[in-house]
Amino acid sequence: EEYWSITATLSKGTKETTFEAELIRVNNKKVKISKEEQAKEILEKLKSVDFIVSDVVEKERKRTPAPPFTTSTLQQEASRKLGFTARKTMSLAQELYEGLDIGADGTVGLITYIRTDSTRVAEEAQLAAANYIQDKYGKEFLPNKPPIYKKKGAVQDAHEAIRPTSVVREPKVLKSHLKRDQYRLYKLIWERFVASQMKPAIFDTVTINIGAGDYLFRATGSIMKFPGFMMVYTEGRDDEGEEKEKSLPQVKKDEKLIVTKLVPAQHFTKPPSPYTEAMLVKAMEENGVGRPSTYAPTIDTILRRGYVVLQKKRL
């Protein structure tokens, strides 16, 4: 379905204070512009009105770390960040779990058991992580008590989350002993685990509402105040660009702004995207299809039998 948006480029009079705001409401109702004629009509009306700041809302927002990996989330994240298939992820994870020669220490199992639906972490592992974080990043990155992550749905909880067997075995220390993809997967597991034991990131967010006659425009931006776990790791996302932080100028309520541009843009609603392996694993888990040990073989089977094909990482 066709729909239109209108974006205003506003400023306080200097290039440094220029920012964009989007039309969100008309007569206190959510805006819905379905035709070009409607967009042109609104643009005509906006030419004769003043753009005045109606309010500025400043808030502090926390972003919490993702829990340590389960089988499902490991497969999803390795697909998103490393481009691995579920089968390849499990094959490499098996090698890291069974043990590899890391030099002076001989053959060592580098990660915990890889078929699990639990985010639980052993107390000694949390304590070791806390000591590591304090030494490496400082006490301000450490929560008051070790975090506990609750998982939705029926969880067997027979094994703890997938984590490094020793947090002090940093990926860079093991790099020369591991094959490239073994190293990349170990680094992903290690970073996710360390980040999961750290404090949330804190952002200062600003929302500027701008009144223009019967129309309301909005601009939002955020500035990182404290990086927290994001010093180590940020979770990937399906079908979404990374969050872009916009810097907004200081404005006051009732301040009049200069309009430099009003841009209408045509859009069309899109059908749901075809599944990636990561999205399919997530859907199987959410709908109770199979167990952690069967996600990869299931995808393998539907591909091998030709029920689906893989094109540009989409099923």
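No hydrogens, no waters, no symmetry mates; every other heavy atom, side chains included, goes into these values. Remember, predicted model here, so these are calculated numbers, not experimental data. One-based numbering along the sequence shown.
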Hydrophobic cluster partners of Ile24 (side-chain heavy atoms under 4.5 Å)
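Answer for Ile24: Leu216.
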Remaining members of Tyr149's ILVMFWY cluster at a side-chain heavy-atom cut-off under 4.5 Å?
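Tyr149 shares its hydrophobic cluster with no other residue.
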Kindly write out the residues that satisfy ring-ring contact (aromatic ring centres under 6.0 Å, His included) with [X], not counting sequence neighbours, or none if the list is empty.
X      : result
Tyr97  : Tyr113
Tyr275 : none
Tyr132 : Trp190

With rounding to the nearest 0.5 Å, note down the distance linking CZ in Phe19 to CD1 in Ile208.
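Spacing of CZ (Phe19) from CD1 (Ile208) equals 4.5 Å.
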Measuring from atom CG of Asn131 to atom CD of Gln126, what distance do you get when rounded to the nearest 0.5 angstrom?
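Here the rounded value is 12.0 Å.
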Output every pair passing ring-ring contact (aromatic ring centres under 6.0 Å, His included) with a member in residues 49-82, not counting sequence neighbours, ordered by first then second residue.
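For residues 49-82: Phe51-Phe217.
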Please collect all ring-ring contact (aromatic ring centres under 6.0 Å, His included) contacts where either partner lies in residues 292-315, sequence neighbours excluded, each pair once.
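Qualifying pairs, neighbours excluded: none.
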Is the closest side-chain heavy-atom distance between [X] and [Y] below 4.5 Å?
X      : Y      : result
Val308 : Leu303 : yes
Met231 : Phe141 : yes
Ile202 : Glu60  : yes
Lys199 : Pro143 : yes
Gln75  : Ile299 : no
Glu124 : Leu127 : no
Asp181 : Lys88  : yes
Lys62  : Lys225 : no

Considering all heavy atoms of both residues, which atom of [X] and which atom of [Y] are nearest to each other, and what is their separation?
X      : Y      : result
Leu142 : Gln134 : CD2-OE1, 3.6 Å
Ser196 : Pro67  : CB-C, 4.1 Å
Thr205 : Ser222 : CG2-CB, 3.8 Å

Keeping [X] on the side-chain end and [Y] on the backbone end, is there a donor-acceptor pair under 3.5 Å?
X      : Y      : answer
Ser91  : Arg87  : no
Glu277 : Ala86  : yes
Glu160 : Ala122 : yes
Asn287 : Ala283 : yes
Thr71  : Pro292 : no
Thr165 : Gly109 : yes
Thr116 : His159 : yes
Lys59  : Thr207 : no
Arg314 : Pro274 : yes
Thr112 : Arg163 : yes

With sequence neighbours excluded, residues passing salt bridge (Lys or Arg N to Asp or Glu O under 4.0 Å) with [X]:
X      : value
Lys253 : none
Glu123 : none
Glu95  : none

Tell me whether [X] shares a hydrophobic cluster with [Y], the cluster being built from Ile, Leu, Val, Met, Phe, Trp, Tyr side chains joined at under 4.5 Å.
X      : Y      : result
Val263 : Val49  : no
Ile223 : Val56  : no
Val173 : Ile189 : no
Ile52  : Leu46  : no
Ile258 : Leu262 : no

Yes or no on side chain to side chain contact (heavy atoms under 4.5 Å, CB included) for Tyr183 and Leu174, after CA distance, side-chain angles and deciding distance?
CA-CA 8 Å; Tyr183 164 75; Leu174 298 179; 5.7 Å; no
Inspect the contact between Arg80 and Glu77 and indicate whether a charged nitrogen and a carboxylate oxygen are less than 4.0 angstrom apart.
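Judged by the 4.0 Å cut-off on N to carboxylate O distance, Glu77 and Arg80 do form a salt bridge.
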Cation over ring face, Arg192 and Tyr233, 6.0 Å, 45°:
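No, cation not above the ring by the 6.0 Å, 45° rule.
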List for me each residue that meets side chain to side chain contact (heavy atoms under 4.5 Å, CB included) alongside Thr18, sequence neighbours excluded, and say none if there are none.
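Residues passing side chain to side chain contact (heavy atoms under 4.5 Å, CB included) with Thr18: Thr9, Ser11.
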Checking side chain to side chain donor-acceptor pair (under 3.5 Å) between Ser72 and each of Arg291, Glu285, Lys282, which is the one that passes?
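Testing each of Arg291, Glu285, Lys282 against Ser72, the sole residue satisfying side chain to side chain donor-acceptor pair (under 3.5 Å) is Glu285.
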Listed once per pair and sorted, the side-chain hydrogen bond (donor to acceptor under 3.5 Å, both in side chains) pairs that draw on residues 211-221, sequence neighbours left out:
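Sorted pair list: Asn209-Arg218.
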Could you walk me through whether Glu170 and Lys136 pass the side chain to side chain contact (heavy atoms under 4.5 Å, CB included) check?
CA-CA 11 Å; Glu170 294 174 318; Lys136 185 84 176 178; 3.5 Å; yes
